[in-house]
Engineer: 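Below are the structure tokens for one structure; questions will follow.
So you know, we letter chains A, B, ... as the sequences are listed, proteins then strands, and number each from 1.
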Amino acid sequence: MVKVEFTDGRIEEISPASVKDILKKLNLKETTTLVTRDGELLTHDIHVYDGQDIKIINVVSGG
Amino acid sequence: MKCVKCNGNAVINIRRANAAFCKEHFNEYFTEQTLKSIKQFRMFRKTDKIMVCVSGGKDSLVLWHVLHNLGCDVTGMYIDLGINGYSDRSKEKVTAFADKFGLKTIIVDLREKGYPIPFVARRAKREDCAVCGTIKRYYFNRAAYDGGFDVVATGHNLDDEASRLLANIMHWNDEYMDNTYPVLPAGGKMLKKKVKPLVRLTERETAAFAILNGIDYVMEECPMSKGATSLIFKEALSTIEDKMAGTEIFFYTKFLERVKDKDRSKTDSDEMKICQTCGMESFMDKCTFCRLVEKVK
Ligand SMILES: [Zn+2]
Ligand SMILES: [Zn+2]
């Protein structure tokens, strides 16, 4: 499984897939998120493997 | 994905530009887009003294960083809003950033002044965000005038401006439409010119720039801004953009083309009065800020 950490600290487990498919599965938009693995930004075609951790950063700020 | 410039491994893809970039070429793209806005709207000259309004969030810190890297004479101006927890954490990001890159800062602490936002809002029986807007605007204008700056820069990005424009159109707020223009002229004798060099870049791009360049920003939102209606328009716009990449920048730049010839020269200084309490220029004998804070005393 892939461990996904969100900006607010929430953690979810998800099956391995490409970044694009992970965002789709989590119902998140490509335009409002960035995904990192070990602190490195990932493009949407990158595959995330079993046992890897990723972070999903919500880039929308209010005000 | 490969970088469109060098064919190296890309770190970010930008659908609206139909491009992907490695770190180096993303930084180049980001700087070019900023410079393009600065030149197109004649925001400032190389020798101008610039004050950038910083909150600790990604956009303002990134703008500060980019202007500094371009060799501009830039000072960051931060207002501690006195919101427990949030203000402490955002101030820490600002000071850490300034220390790391050796930048000039001005800090105004509203707790020291006796005007922390939640306190003033409660006493004046007004909305937190409205009070915050009035107080911030006052101290930013005041610091720009007192510090002898030529221009005030803010980190407003494409998503901020396009969603504000959308909200104004939906409410047919014709008179506010112009607030989304990238340059707002100086007014009277004291009000400095305001510019938004990041209007061509999205939030996703400023966040990526921050991450790639080791700019540590405050990710949490101001607790007072929860449920802000501006977020609803942002969400609507991002839903459209996600399905039809490029729609947002088209919407915003076409608006700019339509209004580019409009006369933006602000009110003549003859019409302005001097606030009898604080000495800043105002339309009335007492400025909006002084009228607000006198309710607190
Ligand atoms: Zn490259
Ligand atoms: Zn006053």
Side-chain angles (χ1 to χ4, degrees), chain A, chain B residues 1-3 9-16 20-23 26 55 57-60 129 132-133 136 155-157 159-160 163 202-212 214 217-222 224-232 234-235 237-243 245 247-248:
Chain A
M1 293 303 270
V2 173
K3 197 173 91 186
V4 182
E5 191 187 329
F6 297 89
T7 317
D8 59 10
R10 215 158 26 92
I11 288 174
E12 223 172 285
E13 297 240 306
I14 193 163
S15 333
S18 69
V19 170
K20 193 185 179 79
D21 290 338
I22 289 175
L23 291 177
K24 212 177 269 173
K25 246 186 272 180
L26 294 168
N27 219 356
L28 294 168
K29 292 174 204 147
E30 291 182 20
T31 46
T32 58
T33 51
L34 285 170
V35 181
T36 63
R37 182 175 60 196
D38 302 324
E40 302 286 328
L41 281 177
L42 301 178
T43 50
H44 295 136
D45 58 324
I46 299 287
H47 195 87
V48 186
Y49 294 95
D50 195 26
Q52 293 186 325
D53 299 348
I54 58 169
K55 273 189 187 161
I56 297 185
I57 299 154
N58 171 20
V59 300
V60 181
S61 52
Chain B
M1 249 174 241
K2 298 290 177 197
C3 170
N9 277 332
V11 292
I12 183 164
N13 53 315
I14 299 171
R15 282 165 59 216
R16 70 192 176 92
F21 297 109
C22 67
K23 177 185 169 180
F26 175 71
S55 63
K58 62 187 184 319
D59 305 301
S60 54
C129 294
C132 187
K136 271 202 294 201
H156 292 97
N157 57 50
D159 299 297
D160 296 329
S163 61
T202 63
E203 295 192 290
R204 183 168 171 270
E205 289 153 33
T206 58
F209 188 93
I211 292 166
L212 290 169
Y217 64 92
V218 61
M219 286 200 186
E220 70 187 291
E221 285 299 312
C222 171
M224 315 248 117
S225 76
K226 280 219 173 72
T229 53
S230 59
L231 283 172
I232 301 171
K234 263 195 179 170
E235 202 180 331
L237 203 56
S238 69
T239 300
I240 298 170
E241 180 67 17
D242 212 55
K243 299 227 166 26
T247 307
E248 184 186 30

Engineer: If you look at every heavy atom in B:A208 and A:L41, which pair is closest and at what distance?
Structural biologist: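 Of all heavy-atom pairs spanning B:A208 and A:L41, the closest is CB-CD1, 3.9 Å.
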Engineer: Only counting residues at least two apart or in another chain, list the ones meeting side-chain hydrogen bond (donor to acceptor under 3.5 Å, both in side chains) with A:D8.
Structural biologist: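 Testing A:D8 for side-chain hydrogen bond (donor to acceptor under 3.5 Å, both in side chains), a comparison that skips the adjacent residues, returns A:R10.
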Engineer: Which bit of B:R16 is near chain A, if near means a heavy-atom gap under 4.5 Å: side chain, backbone, both or neither?
Structural biologist: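 Answer is neither: B:R16 stays 4.5 Å or more from chain A.
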Engineer: Under a 4.5 Å heavy-atom cut-off, does chain A meet the side chain of B:S163, its backbone, both or neither?
Structural biologist: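 Neither part.
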Engineer: Looking at B:E235, B:E241, B:K58, which has the largest count of heavy-atom pairs under 4.5 Å with chain A?
Structural biologist: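 If we count pairs closer than 4.5 Å to chain A, B:K58 comes out on top.
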Engineer: Restricting to side-chain hydrogen bond (donor to acceptor under 3.5 Å, both in side chains), what partner residues turn up for B:E220, sequence neighbours left out?
Structural biologist: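 Once residues adjacent in sequence are excluded, the partners of B:E220 under the side-chain hydrogen bond (donor to acceptor under 3.5 Å, both in side chains) criterion are B:R89.
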Engineer: Is the closest side-chain donor-acceptor distance between A:S61 and B:E203 under 3.5 Å?
Structural biologist: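 A:S61 vs B:E203: donor-acceptor pair found between side chains.
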Engineer: Which residue out of B:D160, B:T239, B:T202 racks up the most heavy-atom pairs below 4.5 Å with chain A?
Structural biologist: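 The residue among B:D160, B:T239, B:T202 with the greatest pair count is B:T239.
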Engineer: Who among B:E248, B:K23, B:K234, B:K243 has the most heavy-atom pairs with chain A under 4.5 Å?
Structural biologist: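 Winner by heavy-atom pair count: B:K234.
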Engineer: Please report the closest heavy-atom contact between A:H44 and B:M1, naming both atoms and the distance.
Structural biologist: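 What the structure gives for the nearest pair is N-CE, 4.3 Å.
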Engineer: Taking side chain as everything from C-beta outward and backbone as N, CA, C, O, which of these in B:I14 sits under 4.5 Å from a heavy atom of chain A? Side chain, backbone, both or neither.
Structural biologist: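 For B:I14, neither part sits under 4.5 Å from chain A.
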Engineer: Does any backbone or side-chain atom of B:Y217 lie under 4.5 Å from a heavy atom of chain A? Answer side chain, backbone, both or neither.
Structural biologist: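 Looking at B:Y217, just its side chain touches chain A.
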Engineer: Can you give me the closest heavy-atom contact between A:T43 and B:A10, atom names plus distance?
Structural biologist: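 A:T43 and B:A10 have their closest heavy atoms at CG2-O, 3.7 Å.
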Engineer: Please assess B:I211 against A:I57 for the test side-chain contact (heavy atoms from CB on, under 4.5 Å), listing each intermediate value before the final yes or no.
Structural biologist: CA-CA 10 Å; B:I211 292 166; A:I57 299 154; 3.4 Å; yes
Engineer: Does any backbone or side-chain atom of B:D242 lie under 4.5 Å from a heavy atom of chain A? Answer side chain, backbone, both or neither.
Structural biologist: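 When you check distances to chain A, atoms from both the backbone and side chain of B:D242 fall under 4.5 Å.
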Engineer: Please say whether more than 12 non-hydrogen atoms of neighbouring residues, nucleotides or ligands are located less than 6.0 Å from NZ in A:K25.
Structural biologist: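 Buried by this count: over 12 neighbours within 6.0 Å.
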Engineer: Is chain A contacted by the side chain of B:E205, its backbone, both, or neither, given a heavy-atom distance below 4.5 Å?
Structural biologist: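 The answer is neither part of B:E205.
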Engineer: Picking from B:A20, B:A245, B:A207, B:S238, which has the most non-hydrogen pairs under 4.5 angstrom with chain A?
Structural biologist: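 Result: the option with the highest number of such pairs is B:S238.
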Engineer: Taking side chain as everything from C-beta outward and backbone as N, CA, C, O, which of these in B:I12 sits under 4.5 Å from a heavy atom of chain A? Side chain, backbone, both or neither.
Structural biologist: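 Looking at B:I12, backbone and side chain both touch chain A.
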Engineer: Non-hydrogen atoms of chain A under 4.5 Å away: do they reach the side chain of B:D59, the backbone, both or neither?
Structural biologist: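 Side chain only.
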Engineer: Check whether more than 12 heavy atoms from other residues, nucleotides or ligands sit under 6.0 Å from atom CD of A:Q52, and answer yes or no.
Structural biologist: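 Yes, enclosed.
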Engineer: Tell me, please, which residues at least two apart from A:S18 pass side-chain hydrogen bond (donor to acceptor under 3.5 Å, both in side chains).
Structural biologist: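 Partners of A:S18 by the side-chain hydrogen bond (donor to acceptor under 3.5 Å, both in side chains) criterion, ordered by chain and then number, come out as A:D21.
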Engineer: Residues of residues 26-34 of chain A under 4.5 Å from chain B (heavy atom pairs)?
Structural biologist: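 Under the 4.5 Å heavy-atom cut-off, A:K29, A:E30, A:T31, A:T32, A:T33, A:L34 qualify.
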